[in-house]
2 protein chains.
Amino acid sequence: MRTLPAPMREKVLAAADLIAEHGLDATKMEDIAASTGVPKATLYYYFEGKEEILTFLFTEILDEVRQAVAGALQSGGTAAQRLEATIVAHLRVFERFPMASRALQFDLGRAARIPLIAERTDAAFVNPVRDLLVEGVLDGSLREMDHPTLVATAILGAVTTTGINALTIQPRRQLRRVATELVRFVLAGVTA
Amino acid sequence: MRTLPAPMREKVLAAADLIAEHGLDATKMEDIAASTGVPKATLYYYFEGKEEILTFLFTEILDEVRQAVAGALQSGGTAAQRLEATIVAHLRVFERFPMASRALQFDLGRAARIPLIAERTDAAFVNPVRDLLVEGVLDGSLREMDHPTLVATAILGAVTTTGINALTIQPRRQLRRVATELVRFVLAGVTA
DNA sequence: ACCAGTGTAGACTCAGAGTCCAATCTTCAT
DNA sequence: ATGAAGATTGGACTCTGAGTCTACACTGGT
(Lines give C-alpha, C1' and ligand atoms only; values in the text may rest on other atoms or scores of the structure.)
Protein backbone atom coordinates (compact mmCIF):
# COMPACT_ATOMS: atom_id res chain seq x y z
CA MET A 1 0.00 0.00 0.00
CA ARG A 2 1.41 3.38 -1.04
CA THR A 3 1.13 6.31 1.32
CA LEU A 4 -2.07 8.18 0.63
CA PRO A 5 -2.09 11.94 0.08
CA ALA A 6 -4.45 13.61 2.55
CA PRO A 7 -7.34 14.36 0.14
CA MET A 8 -7.27 10.79 -1.17
CA ARG A 9 -7.25 9.51 2.39
CA GLU A 10 -10.42 11.44 3.20
CA LYS A 11 -12.18 10.16 0.11
CA VAL A 12 -11.31 6.54 0.76
CA LEU A 13 -12.48 6.83 4.35
CA ALA A 14 -15.90 7.63 2.95
CA ALA A 15 -15.99 4.12 1.51
CA ALA A 16 -16.75 2.91 5.03
CA ASP A 17 -20.38 3.84 4.55
CA LEU A 18 -20.69 1.62 1.55
CA ILE A 19 -18.88 -1.32 3.11
CA ALA A 20 -20.81 -0.94 6.36
CA GLU A 21 -24.02 -1.39 4.44
CA HIS A 22 -23.31 -4.62 2.61
CA GLY A 23 -19.98 -5.92 3.78
CA LEU A 24 -16.81 -5.99 1.75
CA ASP A 25 -17.60 -8.86 -0.54
CA ALA A 26 -20.90 -7.45 -1.65
CA THR A 27 -19.26 -4.10 -2.36
CA LYS A 28 -17.86 -3.73 -5.87
CA MET A 29 -14.64 -1.88 -6.55
CA GLU A 30 -16.59 0.07 -9.15
CA ASP A 31 -19.04 1.14 -6.46
CA ILE A 32 -16.23 2.25 -4.21
CA ALA A 33 -14.80 4.14 -7.16
CA ALA A 34 -18.13 5.74 -7.98
CA SER A 35 -19.01 6.72 -4.43
CA THR A 36 -15.61 8.05 -3.42
CA GLY A 37 -14.86 9.69 -6.75
CA VAL A 38 -11.53 7.89 -6.92
CA PRO A 39 -11.24 5.98 -10.20
CA LYS A 40 -10.79 2.23 -10.04
CA ALA A 41 -7.36 2.35 -11.65
CA THR A 42 -6.25 4.81 -9.01
CA LEU A 43 -7.56 2.61 -6.21
CA TYR A 44 -5.42 -0.20 -7.58
CA TYR A 45 -2.55 2.22 -7.87
CA TYR A 46 -2.68 2.79 -4.12
CA PHE A 47 -4.01 -0.49 -2.77
CA GLU A 48 -2.99 -4.06 -3.54
CA GLY A 49 -6.60 -5.10 -3.67
CA LYS A 50 -10.01 -4.78 -2.11
CA GLU A 51 -9.05 -6.33 1.17
CA GLU A 52 -6.29 -3.79 1.61
CA ILE A 53 -8.89 -1.05 1.53
CA LEU A 54 -10.60 -2.83 4.41
CA THR A 55 -7.29 -3.09 6.22
CA PHE A 56 -6.76 0.62 5.75
CA LEU A 57 -10.17 1.48 7.17
CA PHE A 58 -9.68 -0.81 10.14
CA THR A 59 -6.22 0.41 11.00
CA GLU A 60 -7.60 3.95 10.94
CA ILE A 61 -10.37 3.16 13.39
CA LEU A 62 -8.17 0.99 15.57
CA ASP A 63 -5.77 3.86 15.72
CA GLU A 64 -8.60 6.03 17.01
CA VAL A 65 -9.35 3.40 19.61
CA ARG A 66 -5.71 3.15 20.55
CA GLN A 67 -5.43 6.90 21.04
CA ALA A 68 -8.70 7.11 22.95
CA VAL A 69 -7.69 4.25 25.21
CA ALA A 70 -4.21 5.65 25.72
CA GLY A 71 -5.74 8.98 26.73
CA ALA A 72 -8.09 7.30 29.18
CA LEU A 73 -5.24 5.38 30.73
CA GLN A 74 -3.48 8.60 31.63
CA SER A 75 -6.52 10.12 33.27
CA GLY A 76 -5.33 9.39 36.77
CA GLY A 77 -7.19 7.76 39.62
CA THR A 78 -7.30 4.10 40.56
CA ALA A 79 -7.04 1.36 37.96
CA ALA A 80 -10.79 0.83 38.36
CA GLN A 81 -11.47 4.45 37.51
CA ARG A 82 -9.19 4.31 34.51
CA LEU A 83 -10.87 1.13 33.34
CA GLU A 84 -14.15 2.96 33.41
CA ALA A 85 -12.64 5.83 31.42
CA THR A 86 -11.23 3.33 28.92
CA ILE A 87 -14.60 1.74 28.27
CA VAL A 88 -16.28 5.10 27.83
CA ALA A 89 -13.50 6.20 25.45
CA HIS A 90 -13.96 3.07 23.40
CA LEU A 91 -17.70 3.62 23.16
CA ARG A 92 -17.11 7.20 22.05
CA VAL A 93 -15.16 5.97 19.05
CA PHE A 94 -18.19 3.94 17.97
CA GLU A 95 -20.29 7.01 18.37
CA ARG A 96 -17.91 9.19 16.37
CA PHE A 97 -17.38 6.70 13.55
CA PRO A 98 -20.58 4.71 13.38
CA MET A 99 -20.17 3.62 9.79
CA ALA A 100 -16.58 2.51 10.06
CA SER A 101 -17.53 0.68 13.25
CA ARG A 102 -20.34 -1.12 11.54
CA ALA A 103 -18.00 -2.05 8.72
CA LEU A 104 -15.60 -3.39 11.31
CA GLN A 105 -18.30 -5.44 12.92
CA PHE A 106 -19.51 -6.76 9.56
CA ASP A 107 -16.14 -8.12 8.62
CA LEU A 108 -14.88 -8.71 12.13
CA GLY A 109 -14.21 -12.37 11.64
CA ARG A 110 -12.29 -11.70 8.48
CA ALA A 111 -10.44 -8.88 10.18
CA ALA A 112 -9.32 -11.24 12.92
CA ARG A 113 -7.49 -13.27 10.26
CA ILE A 114 -5.58 -10.29 8.95
CA PRO A 115 -2.45 -10.37 11.10
CA LEU A 116 -1.97 -6.61 11.05
CA ILE A 117 -5.50 -6.09 12.34
CA ALA A 118 -5.28 -8.74 15.03
CA GLU A 119 -2.06 -7.15 16.20
CA ARG A 120 -3.54 -3.67 16.28
CA THR A 121 -6.59 -4.87 18.20
CA ASP A 122 -4.34 -6.30 20.86
CA ALA A 123 -2.21 -3.19 20.90
CA ALA A 124 -5.19 -0.84 21.02
CA PHE A 125 -7.31 -2.55 23.63
CA VAL A 126 -6.54 -6.03 24.88
CA ASN A 127 -2.98 -5.41 26.06
CA PRO A 128 -3.59 -2.03 27.73
CA VAL A 129 -6.65 -3.39 29.52
CA ARG A 130 -4.80 -6.51 30.59
CA ASP A 131 -2.02 -4.35 32.01
CA LEU A 132 -4.59 -2.21 33.73
CA LEU A 133 -6.19 -5.26 35.32
CA VAL A 134 -2.83 -6.35 36.68
CA GLU A 135 -2.15 -2.86 37.94
CA GLY A 136 -5.51 -2.77 39.64
CA VAL A 137 -4.60 -5.77 41.75
CA LEU A 138 -1.55 -3.89 42.96
CA ASP A 139 -3.36 -0.68 43.84
CA GLY A 140 -6.11 -2.71 45.47
CA SER A 141 -8.95 -1.39 43.31
CA LEU A 142 -9.43 -4.64 41.36
CA ARG A 143 -9.64 -8.25 42.43
CA GLU A 144 -7.06 -10.84 41.52
CA MET A 145 -7.55 -12.82 38.33
CA ASP A 146 -6.08 -16.10 37.09
CA HIS A 147 -6.08 -15.05 33.44
CA PRO A 148 -6.09 -11.28 32.97
CA THR A 149 -5.79 -11.60 29.18
CA LEU A 150 -8.88 -13.74 29.08
CA VAL A 151 -10.80 -11.21 31.13
CA ALA A 152 -9.52 -8.37 28.94
CA THR A 153 -10.81 -10.27 25.92
CA ALA A 154 -14.15 -10.76 27.61
CA ILE A 155 -14.36 -7.02 28.31
CA LEU A 156 -13.52 -6.28 24.68
CA GLY A 157 -16.26 -8.64 23.56
CA ALA A 158 -18.79 -7.11 25.90
CA VAL A 159 -17.93 -3.54 24.89
CA THR A 160 -17.84 -4.08 21.13
CA THR A 161 -20.93 -6.26 20.96
CA THR A 162 -22.97 -3.95 23.12
CA GLY A 163 -21.51 -0.78 21.68
CA ILE A 164 -22.10 -1.61 18.08
CA ASN A 165 -25.54 -2.97 18.79
CA ALA A 166 -26.65 -0.07 20.87
CA LEU A 167 -24.90 2.79 19.13
CA THR A 168 -24.79 1.97 15.45
CA ILE A 169 -27.48 -0.58 14.74
CA GLN A 170 -30.20 0.89 16.93
CA PRO A 171 -28.72 4.31 17.52
CA ARG A 172 -31.52 5.56 19.71
CA ARG A 173 -29.84 4.91 22.98
CA GLN A 174 -27.75 7.59 24.57
CA LEU A 175 -24.08 6.91 24.89
CA ARG A 176 -24.24 7.82 28.56
CA ARG A 177 -26.91 5.28 29.42
CA VAL A 178 -25.11 2.52 27.56
CA ALA A 179 -21.81 3.44 29.15
CA THR A 180 -23.23 3.55 32.66
CA GLU A 181 -24.87 0.16 32.42
CA LEU A 182 -21.89 -1.42 30.73
CA VAL A 183 -19.35 -0.05 33.16
CA ARG A 184 -21.37 -1.26 36.08
CA PHE A 185 -21.56 -4.69 34.50
CA VAL A 186 -17.83 -4.87 33.90
CA LEU A 187 -16.91 -3.60 37.34
CA ALA A 188 -19.51 -5.27 39.48
CA GLY A 189 -20.99 -8.09 37.41
CA VAL A 190 -24.61 -9.02 37.91
CA THR A 191 -24.66 -10.56 41.35
CA ALA A 192 -26.76 -8.83 43.98
CA MET B 1 -34.35 -24.22 1.05
CA ARG B 2 -35.82 -27.69 0.64
CA THR B 3 -35.83 -30.06 3.58
CA LEU B 4 -32.65 -32.07 3.63
CA PRO B 5 -32.68 -35.87 3.91
CA ALA B 6 -30.64 -37.01 6.90
CA PRO B 7 -27.56 -38.28 5.03
CA MET B 8 -27.38 -35.08 2.98
CA ARG B 9 -27.67 -33.08 6.17
CA GLU B 10 -24.67 -34.81 7.68
CA LYS B 11 -22.58 -34.25 4.59
CA VAL B 12 -23.39 -30.57 4.33
CA LEU B 13 -22.57 -30.07 7.99
CA ALA B 14 -19.06 -31.18 7.14
CA ALA B 15 -18.73 -28.06 4.99
CA ALA B 16 -18.28 -26.10 8.21
CA ASP B 17 -14.64 -27.14 8.32
CA LEU B 18 -13.99 -25.63 4.94
CA ILE B 19 -15.86 -22.42 5.63
CA ALA B 20 -14.26 -22.07 9.04
CA GLU B 21 -10.87 -22.06 7.41
CA HIS B 22 -11.30 -19.28 4.90
CA GLY B 23 -14.71 -17.77 5.39
CA LEU B 24 -17.66 -18.17 3.08
CA ASP B 25 -16.59 -15.88 0.32
CA ALA B 26 -13.22 -17.48 -0.11
CA THR B 27 -14.85 -20.91 -0.24
CA LYS B 28 -15.89 -22.08 -3.69
CA MET B 29 -19.07 -24.00 -4.28
CA GLU B 30 -16.96 -26.51 -6.17
CA ASP B 31 -14.83 -26.99 -3.07
CA ILE B 32 -17.88 -27.53 -0.93
CA ALA B 33 -19.09 -30.01 -3.52
CA ALA B 34 -15.73 -31.80 -3.62
CA SER B 35 -15.26 -31.95 0.13
CA THR B 36 -18.78 -33.00 1.06
CA GLY B 37 -19.26 -35.35 -1.88
CA VAL B 38 -22.50 -33.58 -2.80
CA PRO B 39 -22.39 -32.44 -6.45
CA LYS B 40 -22.75 -28.75 -7.16
CA ALA B 41 -26.01 -29.21 -9.04
CA THR B 42 -27.44 -31.01 -6.03
CA LEU B 43 -26.34 -28.26 -3.68
CA TYR B 44 -28.22 -25.78 -5.85
CA TYR B 45 -31.17 -28.12 -5.88
CA TYR B 46 -31.42 -27.88 -2.10
CA PHE B 47 -30.10 -24.39 -1.40
CA GLU B 48 -30.89 -21.07 -3.03
CA GLY B 49 -27.24 -20.15 -3.02
CA LYS B 50 -24.03 -20.14 -1.08
CA GLU B 51 -25.31 -17.91 1.67
CA GLU B 52 -28.16 -20.27 2.38
CA ILE B 53 -25.64 -22.97 3.18
CA LEU B 54 -24.19 -20.61 5.75
CA THR B 55 -27.65 -19.95 7.11
CA PHE B 56 -28.24 -23.67 7.40
CA LEU B 57 -25.01 -24.20 9.33
CA PHE B 58 -25.76 -21.33 11.66
CA THR B 59 -29.30 -22.35 12.42
CA GLU B 60 -27.99 -25.80 13.25
CA ILE B 61 -25.46 -24.50 15.74
CA LEU B 62 -27.83 -21.93 17.17
CA ASP B 63 -30.28 -24.72 17.72
CA GLU B 64 -27.63 -26.54 19.70
CA VAL B 65 -27.09 -23.39 21.74
CA ARG B 66 -30.81 -22.98 22.25
CA GLN B 67 -31.17 -26.53 23.51
CA ALA B 68 -28.11 -26.28 25.73
CA VAL B 69 -29.31 -23.02 27.22
CA ALA B 70 -32.83 -24.32 27.68
CA GLY B 71 -31.42 -27.31 29.53
CA ALA B 72 -29.32 -25.12 31.78
CA LEU B 73 -32.29 -22.94 32.61
CA GLN B 74 -34.14 -25.90 34.02
CA SER B 75 -31.29 -27.00 36.23
CA GLY B 76 -32.78 -25.50 39.36
CA GLY B 77 -31.20 -23.27 41.94
CA THR B 78 -31.11 -19.49 42.06
CA ALA B 79 -31.09 -17.39 38.92
CA ALA B 80 -27.40 -16.74 39.51
CA GLN B 81 -26.68 -20.46 39.57
CA ARG B 82 -28.69 -21.01 36.42
CA LEU B 83 -26.87 -18.15 34.72
CA GLU B 84 -23.63 -19.89 35.51
CA ALA B 85 -24.98 -23.13 34.08
CA THR B 86 -26.11 -21.26 30.97
CA ILE B 87 -22.67 -19.84 30.30
CA VAL B 88 -21.01 -23.19 30.76
CA ALA B 89 -23.56 -24.80 28.46
CA HIS B 90 -22.87 -22.19 25.80
CA LEU B 91 -19.14 -22.76 26.05
CA ARG B 92 -19.65 -26.50 25.71
CA VAL B 93 -21.30 -25.96 22.34
CA PHE B 94 -18.15 -24.23 21.12
CA GLU B 95 -16.14 -27.12 22.39
CA ARG B 96 -18.36 -29.69 20.74
CA PHE B 97 -18.57 -27.92 17.37
CA PRO B 98 -15.34 -26.01 17.10
CA MET B 99 -15.36 -25.75 13.32
CA ALA B 100 -18.92 -24.59 12.97
CA SER B 101 -18.25 -22.11 15.76
CA ARG B 102 -15.22 -20.72 13.99
CA ALA B 103 -17.26 -20.43 10.82
CA LEU B 104 -19.85 -18.57 12.83
CA GLN B 105 -17.25 -16.20 14.19
CA PHE B 106 -15.74 -15.66 10.76
CA ASP B 107 -18.97 -14.55 9.24
CA LEU B 108 -20.56 -13.23 12.40
CA GLY B 109 -21.15 -9.76 11.07
CA ARG B 110 -22.76 -11.07 7.95
CA ALA B 111 -24.82 -13.48 10.02
CA ALA B 112 -26.16 -10.58 12.05
CA ARG B 113 -27.68 -9.17 8.87
CA ILE B 114 -29.52 -12.37 8.04
CA PRO B 115 -32.86 -11.83 9.79
CA LEU B 116 -33.41 -15.51 10.51
CA ILE B 117 -30.04 -15.73 12.23
CA ALA B 118 -30.49 -12.57 14.26
CA GLU B 119 -33.85 -13.87 15.40
CA ARG B 120 -32.44 -17.25 16.39
CA THR B 121 -29.60 -15.66 18.30
CA ASP B 122 -32.07 -13.71 20.35
CA ALA B 123 -34.24 -16.75 20.86
CA ALA B 124 -31.33 -18.99 21.80
CA PHE B 125 -29.45 -16.74 24.16
CA VAL B 126 -30.29 -13.08 24.54
CA ASN B 127 -33.94 -13.45 25.47
CA PRO B 128 -33.55 -16.37 27.88
CA VAL B 129 -30.66 -14.62 29.62
CA ARG B 130 -32.56 -11.36 29.81
CA ASP B 131 -35.48 -13.19 31.41
CA LEU B 132 -33.11 -14.87 33.78
CA LEU B 133 -31.64 -11.52 34.81
CA VAL B 134 -35.09 -10.20 35.58
CA GLU B 135 -35.93 -13.33 37.48
CA GLY B 136 -32.73 -13.00 39.49
CA VAL B 137 -33.83 -9.64 40.78
CA LEU B 138 -36.99 -11.25 42.08
CA ASP B 139 -35.31 -14.16 43.81
CA GLY B 140 -32.70 -11.80 45.20
CA SER B 141 -29.69 -13.52 43.67
CA LEU B 142 -28.97 -10.79 41.10
CA ARG B 143 -28.83 -7.03 41.38
CA GLU B 144 -31.27 -4.72 39.67
CA MET B 145 -30.46 -3.48 36.18
CA ASP B 146 -31.79 -0.59 34.12
CA HIS B 147 -31.44 -2.43 30.81
CA PRO B 148 -31.44 -6.19 31.19
CA THR B 149 -31.39 -6.70 27.41
CA LEU B 150 -28.25 -4.61 27.11
CA VAL B 151 -26.58 -6.59 29.85
CA ALA B 152 -27.69 -9.87 28.25
CA THR B 153 -26.09 -8.67 25.01
CA ALA B 154 -22.91 -7.79 26.86
CA ILE B 155 -22.82 -11.28 28.37
CA LEU B 156 -23.32 -12.80 24.93
CA GLY B 157 -20.45 -10.72 23.61
CA ALA B 158 -18.17 -11.69 26.45
CA VAL B 159 -18.99 -15.38 26.17
CA THR B 160 -18.70 -15.67 22.41
CA THR B 161 -15.58 -13.57 22.04
CA THR B 162 -13.79 -15.33 24.85
CA GLY B 163 -15.16 -18.75 24.05
CA ILE B 164 -14.20 -18.73 20.41
CA ASN B 165 -10.82 -17.23 21.12
CA ALA B 166 -9.97 -19.59 23.89
CA LEU B 167 -11.56 -22.79 22.67
CA THR B 168 -11.32 -22.83 18.92
CA ILE B 169 -8.53 -20.46 17.92
CA GLN B 170 -6.04 -21.37 20.63
CA PRO B 171 -7.61 -24.59 21.84
CA ARG B 172 -5.04 -25.25 24.48
CA ARG B 173 -7.02 -23.94 27.35
CA GLN B 174 -9.29 -26.21 29.28
CA LEU B 175 -12.98 -25.51 29.09
CA ARG B 176 -13.18 -25.58 32.86
CA ARG B 177 -10.57 -22.90 33.40
CA VAL B 178 -12.15 -20.63 30.80
CA ALA B 179 -15.59 -21.21 32.23
CA THR B 180 -14.53 -20.53 35.79
CA GLU B 181 -12.83 -17.26 34.96
CA LEU B 182 -15.61 -16.11 32.69
CA VAL B 183 -18.39 -16.96 35.11
CA ARG B 184 -16.63 -15.10 37.88
CA PHE B 185 -16.25 -12.11 35.59
CA VAL B 186 -19.92 -12.09 34.62
CA LEU B 187 -21.17 -12.61 38.13
CA ALA B 188 -18.79 -10.44 40.10
CA GLY B 189 -17.06 -8.15 37.61
CA VAL B 190 -13.50 -7.10 38.22
CA THR B 191 -13.75 -4.83 41.23
CA ALA B 192 -11.92 -5.91 44.38
C1' DA C 1 13.72 20.23 -22.45
C1' DC C 2 13.83 15.98 -19.80
C1' DC C 3 12.73 12.79 -16.32
C1' DA C 4 10.29 10.55 -12.60
C1' DG C 5 6.44 9.94 -10.20
C1' DT C 6 1.30 10.64 -10.02
C1' DG C 7 -3.18 9.79 -11.82
C1' DT C 8 -6.63 7.94 -15.19
C1' DA C 9 -9.26 5.70 -19.17
C1' DG C 10 -10.61 1.75 -21.01
C1' DA C 11 -9.98 -2.71 -22.87
C1' DC C 12 -8.72 -7.20 -21.42
C1' DT C 13 -8.32 -11.90 -18.77
C1' DC C 14 -10.04 -15.05 -15.79
C1' DA C 15 -12.27 -17.19 -11.85
C1' DG C 16 -16.29 -18.57 -9.93
C1' DA C 17 -21.49 -18.04 -8.87
C1' DG C 18 -25.48 -19.43 -10.46
C1' DT C 19 -28.51 -21.43 -14.51
C1' DC C 20 -30.19 -24.91 -17.51
C1' DC C 21 -31.41 -29.15 -19.21
C1' DA C 22 -31.35 -33.73 -20.54
C1' DA C 23 -30.51 -38.20 -18.67
C1' DT C 24 -30.91 -41.44 -15.00
C1' DC C 25 -32.47 -43.29 -10.74
C1' DT C 26 -36.14 -43.97 -6.73
C1' DT C 27 -40.36 -44.35 -4.84
C1' DC C 28 -44.78 -45.43 -4.59
C1' DA C 29 -49.64 -45.59 -5.68
C1' DT C 30 -52.64 -47.99 -8.82
C1' DA D 1 -45.77 -54.31 -13.68
C1' DT D 2 -46.30 -49.48 -15.01
C1' DG D 3 -46.28 -44.84 -15.11
C1' DA D 4 -46.05 -40.37 -12.70
C1' DA D 5 -43.53 -37.44 -9.58
C1' DG D 6 -39.78 -36.26 -7.66
C1' DA D 7 -34.65 -36.80 -6.54
C1' DT D 8 -30.03 -36.57 -8.38
C1' DT D 9 -26.39 -35.53 -11.37
C1' DG D 10 -23.02 -34.27 -15.38
C1' DG D 11 -21.62 -30.80 -17.90
C1' DA D 12 -22.05 -26.92 -20.76
C1' DC D 13 -23.38 -22.25 -20.53
C1' DT D 14 -23.97 -17.08 -19.06
C1' DC D 15 -22.57 -13.17 -16.50
C1' DT D 16 -20.56 -10.49 -13.06
C1' DG D 17 -16.80 -8.49 -11.02
C1' DA D 18 -11.75 -8.66 -9.40
C1' DG D 19 -7.59 -7.59 -10.86
C1' DT D 20 -4.17 -6.55 -14.95
C1' DC D 21 -2.20 -3.99 -18.53
C1' DT D 22 -1.02 -0.26 -21.41
C1' DA D 23 -1.11 4.10 -23.31
C1' DC D 24 -1.67 8.64 -22.24
C1' DA D 25 -1.76 13.12 -19.63
C1' DC D 26 -0.28 16.07 -15.96
C1' DT D 27 2.96 17.53 -12.35
C1' DG D 28 7.20 19.26 -10.24
C1' DG D 29 12.08 19.24 -9.96
C1' DT D 30 16.78 19.85 -12.43
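Letters A, B, ... mirror the listed sequences (proteins, then strands); counts begin at 1.
The pair A:R110-A:D25 meets the salt-bridge criterion, with a side-chain N (NZ, NE, NH1 or NH2) lying under 4.0 Å from an Asp/Glu carboxylate O.
One can place CE of B:M29 at 20 Å from P of D:dT14, the figure rounded to the nearest angstrom. Remark: P of D:dC15 and CD of A:E30 are 17 Å apart, rounded to the nearest angstrom. Rounded to an integer number of Å, the gap from CG of B:D31 to C1' of C:dA15 is 12 Å. Note: OH (B:Y44) to P (D:dC13) measures 18 Å, nearest angstrom. Separating the CG atom of A:L43 from the C1' atom of C:dT8 is a distance of 11 Å, rounded to the nearest angstrom. Spacing between atom CD1 of B:I32 and atom C1' of C:dA17 amounts to 11 Å, rounded to whole angstrom units. For the pair A:M8 CE and C:dT8 C1', the computed distance is 10 Å after rounding to whole Å. In this structure, NZ of A:K50 is placed 9 Å from P of D:dG17, rounded to the nearest angstrom.
Nearer to the 5' terminus of DNA chain D, by closest-nucleotide assignment, is the contact made by B:G37 (compared with the other of B:G37 and A:T27).
The listed nucleotides are C:dT8, C:dA17, D:dT9; the one nearest the side chain of B:A41 is D:dT9. Of the candidate nucleotides D:dT9, D:dT20, C:dA9, C:dA9 has the atom lying nearest to any side-chain atom of A:P39.
Within a 6.0 Å radius of CZ in A:R92, other residues, nucleotides and ligands contribute 12 heavy atoms or fewer. Within a 6.0 Å sphere centred on CD of B:E48, other residues, nucleotides and ligands contribute 12 heavy atoms or fewer.
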Protein-nucleic acid N or O pairs under 3.5 Å, nucleotides 4-7 of chain D:
unit_1: D:dA7; atom_1: OP2; unit_2: B:R2; atom_2: NH1; d: 3.4
unit_1: D:dA7; atom_1: OP2; unit_2: B:Y45; atom_2: OH; d: 2.2
unit_1: D:dA7; atom_1: O5'; unit_2: B:Y45; atom_2: OH; d: 3.2

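In this pair, A:F125 and A:H90 present their aromatic rings tilted. The plane angle is within the 30 to 60° band.
Judged by a 6.0 Å distance limit and a 45° cone about the ring axis, B:R2 is positioned over the six-membered ring of B:Y45.
For B:K40 and C:dG18, a side-chain-to-base donor-acceptor distance below 3.5 Å is present, hydrogens and geometry of angles not being considered.
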**Request:** Decide salt bridge (charged side-chain N to carboxylate O under 4.0 Å, His left out) for A:R102 and A:D17; before the verdict, give the C-alpha distance in whole Å, the side-chain angles of both, and the deciding distance to 0.1 Å.
**Result:** CA-CA 9 Å; A:R102 280 194 81 178; A:D17 293 31; over 6 Å; no
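Here the straight-line distance linking atom CG of A:L104 with atom CG of A:L57 works out to 9.5 Å at 0.5 Å rounding.
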